[in-house]
Amino acid sequence: MKNWLRNISDADFGRFLGFADRHLGIVKRDHVLQKLTIFNFVAPIIERYKPQTILEIGCGLGFHAALLTRYGQVSATELQVPGSFVTMDKDVASNRATVFGELADGPVQFQVNDGRIFPFADNSFDLIFHNSVIEHVPDATAFNRETRRLLKPGGIVVCITGTPALCHFRFLRDYTLRLPFTIAASVIKEAG
């Protein structure tokens with residue numbers, strides 16, 4: 001797998017997978033591999049533009065924000081509204097702090113937001129990154145307008161979003177392939 005991730009250093013690859021091995025209650029290895037795969041695509045873009053100030057919108061547990069710290073000063077946000085990632089799991093804030101504490105190369109300034117207005121001044125960031133966020137916002141035009149407000153002149157936005165093919169793949173993987181094995185393992189565990 002590492003051979004495919006040419007833009008992820010051996011040290012980061014080992015550190016991030018080691019984190020998953022040590023923190024089974026926080027994250028699974030396949031989730032970390034997914035984050036590293038996405039970042040493998042993003043890293044050359046970031047290296048080309050050399051941003052000094054970076055914002056990740058919708059950071060979740062913070063793996064991408066931790067990776068972004070090697071490039072500049074990082075701020076990160078997550079929604080704090082009913083039904084958002086943050087309120088789904090009461091431990092996510094402490095898990096995010098663990099991710100930042102063990103994996104980030106520098107501090108990450110974390111703030112919550114309401115999904116409509118971001119708590120930053122105009123022209124604050126050279127780079128804004130968000131992964132699988134825009135497809136969840138109620139008004140993509142307003143979201144993009146707010147993102148533009150935060151972006152410095154000449155800055156860039158890296159927006160990664162799911163496609164219908166990706167959604168079908170995840171459904172197939174999680175519900176068609178994994179679910180029967182999960183159920184079988186549970187039955188065997190209970191019967192044993």
Test side-chain contact (heavy atoms from CB on, under 4.5 Å) applied to Phe41 and Leu5, step by step
CA-CA 9 Å; Phe41 168 75; Leu5 302 177; over 6 Å; no
List the steps, then state whether side-chain contact (heavy atoms from CB on, under 4.5 Å) holds for Thr69 with Val108.
CA-CA 7 Å; Thr69 59; Val108 176; 3.5 Å; yes
Using the side-chain contact (heavy atoms from CB on, under 4.5 Å) rule, take Phe143 and Ile134 through it: C-alpha gap first, then chi angles, then the decisive distance, then the call.
CA-CA 8 Å; Phe143 176 84; Ile134 198 164; 4.0 Å; yes
Given the rule in the side-chain contact (heavy atoms from CB on, under 4.5 Å) test, do Thr98 and Leu103 qualify, once you have shown the distances and angles that lead to the verdict?
CA-CA 8 Å; Thr98 302; Leu103 297 176; over 6 Å; no
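With rounding to the nearest 0.5 Å, the separation of CG in Leu67 from CD1 in Ile38 is 11.0 Å. Distance check: Lys28 NZ to Asp21 CG gives 13.5 Å after rounding to the nearest 0.5 Å. To the nearest 0.5 angstrom, Asn144 atom CG is 9.0 Å from Asp139 atom CG. Atom CG of residue Leu150 and atom CG of residue Leu127 lie 12.0 Å apart, to the nearest 0.5 angstrom.
The two atoms that bring His130 and Cys159 nearest to each other are CE1-SG, 3.2 Å, heavy atoms only. The two residues Val74 and Ala65 come nearest to each other via the heavy atoms CG1-O, 4.0 Å. Between Leu151 and Asn123, the closest heavy-atom pair is O-OD1, 3.1 Å.
Using bins of under 30°, 30° to 60° and over 60° for the plane-to-plane angle, the ring pair Phe100/Phe110 lands in the tilted bin.
The shortest distance between side-chain heavy atoms of Ile160 and Val133 does not fall below 4.5 Å. At a threshold of 4.5 Å between non-hydrogen side-chain atoms, the residues Arg70 and Asp12 count as touching. Between His23 and Val99, the closest side-chain pair of non-hydrogen atoms is not below 4.5 Å. Ile128 places a side-chain heavy atom less than 4.5 Å from the side chain of Ile57. Counting heavy atoms from C-beta on, the side chains of Ser132 and Thr161 never come closer than 4.5 Å. Counting heavy atoms from C-beta on, the side chains of Gln73 and Ile54 never come closer than 4.5 Å. Proximity of Phe39 to Ile46: side-chain heavy atoms (C-beta onward) are separated by under 4.5 Å at one or more points.
Between the side chains of Gln52 and Tyr71, no donor-acceptor pair is found at a separation under 3.5 Å.
Arg148 has no carboxylate O lying under 4.0 Å from a charged side-chain N of Asp122, or vice versa, which leaves the two without a salt bridge. Ion pairing of Arg15 with Glu102 is absent here, as no side-chain N (NZ or NE/NH1/NH2) approaches a carboxylate O to less than 4.0 Å.
Between the side chain of Arg96 and the backbone N or O of Gly60, at least one donor-acceptor pair lies under 3.5 Å. Checked by atom type and distance alone, the side chain of Glu56 never pairs as donor or acceptor with a backbone atom of Ala76 at under 3.5 Å. His64 places no side-chain N or O within 3.5 Å of a backbone atom of Cys59 that could act as its donor or acceptor partner. A donor-acceptor pair under 3.5 Å is formed between the side chain of Thr53 and the backbone N or O of Asp126. With hydrogens and angles disregarded, a donor-acceptor distance shorter than 3.5 Å links the side chain of Asn40 to the backbone of Arg6. Proximity of a side-chain donor or acceptor of Ser124 to a complementary backbone N or O of Phe120 within less than 3.5 Å is not detected. The closest donor-acceptor contact from the side chain of Glu146 to the backbone of Phe118 lies under 3.5 Å.
Aromatic rings of Phe63 and Phe19 (six-membered ring for Trp) have centroids within the 6.0 Å cut-off, being under it. Ring centers of Phe16 and His31: at least 6.0 Å apart, outside the cut-off.
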